Amino acid sequence: MSSKRFAEVIVELRSAQVDRPFHYEVPEHWQEQVQIGTRVLVPFGPRRLEGYIVGFSLAADVSKIKPILEVLDDEPPLTPDLVDLAGWLSERYLCTKAAAVQALLPSGMRAKASTKLRLAGDPPFVLPASLEADLLQSLYQSPNKTKEQLIAERPEWRPILRAWVAEGILEESYRVKQGAQVKTITALQCSLDSAAFQAALEELSRAKKQKEVLAYLFDQGVAVPMKDVLSELGASSSTVKPLLEKGYLQKVEQEVLRDPYGIAHEQPEQPLPLTELQRSAYDQIAAAVDTQKPETFLLQGVTGSGKTEVYLQAIASCVEQGRQAIMLVPEIALTPQMVERFKKRFGDDVAVMHSRLSAGEKFDEWRRIRQGDVTIVVGARSAIFAPFRSIGLMIIDEEHEVSYKQDDHPKYLAREVAMYRARQHGATVVLGSATPALETRWWAHQGQIRRIEMGERVMGQRLPKVKVIDMRNELHEGNRSMFSKALKKGIEERLEKGEQIILFLNRRGFATFVLCRSCGYVARCRECEIPLTFHKARGLEQLRCHYCGYAERMPETCPDCKGDHVRHFGTGTQRVEEELHRVFPQAGVIRMDVDTTSGKGSHAELLQRFRNQEAQILLGTQMIAKGLDFPNVTLVGVISADTSLFVPDFRAAERTFQLLTQVAGRAGRHLLPGEVVVQSYNPQHYAVQFAKKQEYENFFQHEIRVRYGVHNPPFRELTAFTSVNTDEDAALRIARTLEDRLRTLFQGRDDIIILGTSPAPLSRLQGKYRFNVVLKYIRFKQVGDPIRTVYLEAAHEAQKAGGYLSIDVNAQMIL
DNA sequence: AGCACGCCGACT
DNA sequence: GTCGGCGTGCTC
């Protein structure tokens with residue numbers, strides 16, 4: 001194109017000081033290969049760093065311009081729209097461009113540069129028993145050690161190495177090691193022509209097995225994986241070796257893709273007939289995809305209304321038009337049946353992306369998307385960055401779920417990313433939920449997004465009956481058990497009839513704390529100040545911190561008053577399990593929580609066992625609340641609705657409502673009528689009451705007034721700053737400084753509210769103190785730039801003080 | 001981020 | 001007098 005152009009490169013460092021493009025010369029031989037989005041290796045000061053080309057300029061206003069050292073990929077990993085998206089991410093969530101780029105790419109992508117050293121010319125003159133002598137000896141003894149390794153070993157060697165390189169005693173050459181490797185297997189190929197083949201057979205007269213192998217490969221004509229040749233013919237590598245030596249066969253390295261989900265189903269499943277409501281939803285979405293104009297829908301359908309079938313058919317229609325589709329699910333490891341349905345319907349056309357894949361698997365799924373081998377991706381949050389060329393449809397299922405907010409920088413919200421990409425690609429976004437986030441429902445009310453309601457369950461299934469039990473009455477009536485009379489009776493009945501039961505417990509961290517009934521002492525983690533949780537493993541009673549992992553033995557007497565009234569309180573899954581065994585000794589129980597599901601595949605295994613009816617009761621934390629669909633479950637019990645109602649978060653009511661509604665939806669999804677029993681010490685709370693009646697709209701009406709009154713989302717957006725430091729005073733000082741600057745900045749702006757410096761709800765985590773400052777505003781556009789300046793200044797000070805200041809734009813939760 | 005340059009205290 | 005502490009400043 002142009003005669004001379006300089007590449008603008010973002011280097012991999014996540015630091016505000018280098019958060020801008022640097023210019024590099026593009027060597028002649030790479031002019032063609034280098035594009036926007038190309039990953040390169042560049043010299044940066046004394047180092048070599050990975051970088052991404054984000055643009056080109058004809059002139060660079062810098063005197064010193066070095067050339068690019070290496071081009072790291074054949075195809076640029078970032079498409080131009082992803083480069084643009086990275087720019088947007090860094091502005092919207094106030095992170096560096098490097099952090100934004102890295103968020104877009106699979107974690108295995110990053111390359112590592114290393115420097116090899118070689119002694120050249122005459123050995124240097126060194127004094128015996130000196131640093132130089134040690135280095136020289138090391139260079140002779142282990143010539144393969146990289147410069148980086150040597151420096152890590154003895155930092156004092158750094159200046160010597162530099163000098164020797166300058167004097168020509170040492171020669172440097174650099175290597176680039178890719179993060180995730182392309183996986184290859186060894187295959188065998190016979191490239192002899194018929195005549196040569198016949199001659200070879202003659203020559204091998206008595207080597208029967210060798211002749212067999214050679215003939216097999218000659219017949220195949222193409223390369224066959226060595227593993228398959230050996231097992232097919234019962235040969236061993238010693239059979240193959242002479243054939244290779246004689247040149248009758250060649251080894252070929254073949255690229256393979258790791259496939260975490262195995263071979264696809266041979267018979268693609270046919271689309272199911274749609275109900276009238278499904279048809280209408282499908283028609284609207286498919287029509288919007290056709291227009292190729294950005295549009296967002298809220299698909300609000302109760303559990304069991306058949307949203308998934310609408311998704312599947314809308315995606316099919318999008319794919320037929322040659323465009324690609326992204327399907328997000330909250331936590332894919334918990335919803336294997338969604339992947340299953342996609343694989344059944346679309347076979348090999350689906351890539352799967354989630355955190356439980358290995359780095360290599362992620363990298364390969366990503367490559368399949370980038371190369372255009374698939375047109376559909378199903379995945380968790382980060383799948384929203386799938387490098388497709390032309391996206392037609394993006395679906396976010398259970399859009400209200402917290403997992404759609406990334407928990408480290410950049411703290412992006414998948415829904416916002418989807419809407420930005422929709423504008424880039426002219427795509428349609430579908431937000432699906434039975435209990436939409438309040439913001440989403442509000443925007444639908446305001447007309448910014450189109451709402452489609454699917455109120456009925458397919459096959460006319462009834463919504464389950466929900467009973468709310470006032471646990472205070474139970475106590476007054478002398479029932480001190482964790483099961484109310486109603487729940488106990490319900491479980492007994494199901495056990496007799498051979499039906500199944502799901503028991504649900506809110507968050508385990510808040511569950512079983514240890515309290516002294518005499519003096520009120522609560523056992524806390526020394527580091528985190530969070531109540532410790534009681535655990536019983538192999539008869540050993542332990543207290544554990546769920547944030548840092550600290551563990552100690554359960555004390556026998558109170559550390560404070562020395563009394564012997566220390567008891568564990570609340571209800572952890574283990575205690576409920578014990579209680580279940582005591583009260584219902586005949587029932588099999590499967591417990592699902594963080595402890596029993598840590599291994600790979602343990603989720604799926606436990607669920608399969610429950611599905612096979614190996615146990616009648618499934619007991620678990622919120623991880624069992626979503627996506628489960630068991631035909632034989634007719635009773636769902638919530639041990640205590642209160643635990644989630646009293647977390648210090650403005651979304652507590654919304655979360656509780658969503659959780660209870662969702663749990664209720666788990667019962668009676670099939671032919672058997674379902675029942676839900678919710679136990680609570682606050683049964684009159686509106687979140688509990690509206691959930692009991694499954695009245696989303698009424699809940700929305702009520703909650704939106706609450707939000708309006710206290711200036712919370714959707715009426716304001718929240719941005720939270722957290723100052724973290726091992727030194728409490730420093731953490732506090734930085735937070736105060738930031739608060740002051742924000743107040744000065746927004747003086748006289750009554751549309752902006754600053755919630756002053758306060759200890760974070762998790763005020764001490766892993767030995768570090770945490771203070772929050774929260775900013776509430778109406779339009780980010782009006783505050784983004786000023787916030788950035790103030791934030792960067794304060795963050796720099798935080799760093800100098802040995803801590804850090806993190807920012808969460810559009811915070812969903814204040815922690 | 002890292003690495004180098006540069007300016008002040010305890011040692012041969 | 002030097003070695004080395006880590007405080008600013010730069011990296012195309």
Side-chain angles (χ1 to χ4, degrees), chain A residues 2 4-28 30-31 34 36-72 83 90 94-103 110-115 117 127 129-132 134-135 146-167 170 172 174 179 408-410 724 730 791-807:
Chain A
S2 55
K4 184 106 178 169
R5 51 179 195 164
F6 299 108
E8 295 173 338
V9 174
I10 295 296
V11 293
E12 62 179 319
L13 303 178
R14 289 162 166 250
S15 165
Q17 277 168 78
V18 289
D19 187 24
R20 61 196 163 85
F22 287 82
H23 298 86
Y24 289 89
E25 193 188 306
V26 182
E28 201 50 48
W30 280 324
Q31 284 290 345
V34 155
I36 285 186
T38 297
R39 192 167 57 129
V40 291
L41 191 73
V42 291
F44 196 74
R47 292 182 288 170
R48 291 175 234 280
L49 297 177
E50 187 181 308
Y52 290 85
I53 295 180
V54 295
F56 293 98
S57 49
L58 292 176
D61 191 19
V62 208
S63 56
K64 195 165 45 175
I65 293 192
K66 299 179 184 175
I68 287 168
L69 295 173
E70 202 77 74
V71 173
L72 295 175
V83 172
S90 69
L94 276 90
C95 67
T96 60
K97 292 170 188 69
V101 164
Q102 282 160 10
R110 286 170 80 176
K112 229 183 116 211
S114 61
T115 312
L117 295 168
L127 292 169
S130 62
L131 268 174
E132 284 84 349
D134 293 347
L135 173 56
T146 64
K147 185 178 164 189
E148 291 75 15
Q149 282 171 321
L150 289 169
I151 290 171
E153 214 172 287
R154 301 276 298 269
E156 314 88 272
W157 285 345
R158 187 197 297 277
I160 307 172
L161 286 165
R162 188 153 32 95
W164 287 1
V165 170
E167 289 164 34
L170 282 172
E172 284 186 336
Y174 62 88
D408 46 57
H409 287 117
V724 184
Y791 164 66
L792 287 179
E793 268 173 33
H796 191 234
E797 281 161 42
Q799 212 165 42
K800 278 196 291 191
Y804 61 90
L805 181 70
S806 74
I807 183 169

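Convention: sequence-line order gives letters A, B, ...; per-chain numbering from 1. Predicted model, so just to flag it, every value in this text is computed and none were measured.
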TODO: Enumerate the residues from residues 40-50 of chain A whose closest heavy atom to DNA chain C is under 4.0 Å, giving them by residue number; use none for an empty result.
DONE: Pro43(A), Phe44(A), Gly45(A)

Task: Thr146(A): side chain to side chain donor-acceptor pair (under 3.5 Å) partners, not counting sequence neighbours - done: Gln149(A)

- [ ] Please identify each residue that fulfils side chain to side chain contact (heavy atoms under 4.5 Å, CB included) with Ala795(A), with sequence neighbours left out.
- [x] Tyr791(A), Leu805(A)

Distances under 3.5 Å between nitrogen or oxygen atoms of protein and nucleotides 3-5 of chain C:
none

Task: Test side chain to side chain donor-acceptor pair (under 3.5 Å) applied to Gln17(A) - qualifying residues, sequence neighbours left out - done: none

Task: Side-chain donor/acceptor of Gln17(A) to base of dC10(C), under 3.5 Å - done: yes

Task: Gln102(A): side chain to side chain contact (heavy atoms under 4.5 Å, CB included) partners, not counting sequence neighbours - done: Glu12(A), Arg14(A), Arg110(A)

TODO: Give a yes or no on whether the backbone of Leu94(A) and the side-chain of His409(A) come within a donor-acceptor separation of less than 3.5 Å.
DONE: no

Open item on the list: Rounded to whole Å, please give me the gap between CZ in Phe56(A) and C1' in dC12(C).
Closed with: 15 Å

Task: Residues forming a salt bridge (charged side-chain N to carboxylate O under 4.0 Å, His left out) with Glu797(A), sequence neighbours excluded - done: Arg741(A)

TODO: Tell me, please, the opening and closing nucleotides of DNA chain B, 5' to 3', among those with an atom under 4.0 angstrom from a non-hydrogen atom of chain A.
DONE: dA1(B) to dA4(B)

TODO: Not counting sequence neighbours, which residues clear side chain to side chain contact (heavy atoms under 4.5 Å, CB included) with Ser90(A)? List them please.
DONE: Cys95(A), Lys97(A), Ala100(A)

Open item on the list: Holding to side chain to side chain donor-acceptor pair (under 3.5 Å), I want the full list of residues that pass it with Ser806(A), two or more places apart in sequence or in another chain.
Closed with: none

Task: Any residue of residues 795-805 of chain A with a heavy atom less than 4.0 Å from an atom of DNA chain B - done: Gln799(A)

Open item on the list: From NZ of Lys66(A) over to P of dT11(C), roughly how many Å is that when rounded to an integer?
Closed with: 9 Å

Task: Set of residues satisfying side chain to side chain contact (heavy atoms under 4.5 Å, CB included) with respect to Pro27(A), sequence neighbours excluded - done: His29(A), Trp30(A), Pro67(A), Ile68(A)

- [ ] For the residue pair Phe56(A) and Val34(A), establish whether any side-chain heavy-atom pair is separated by less than 4.5 Å.
- [x] yes

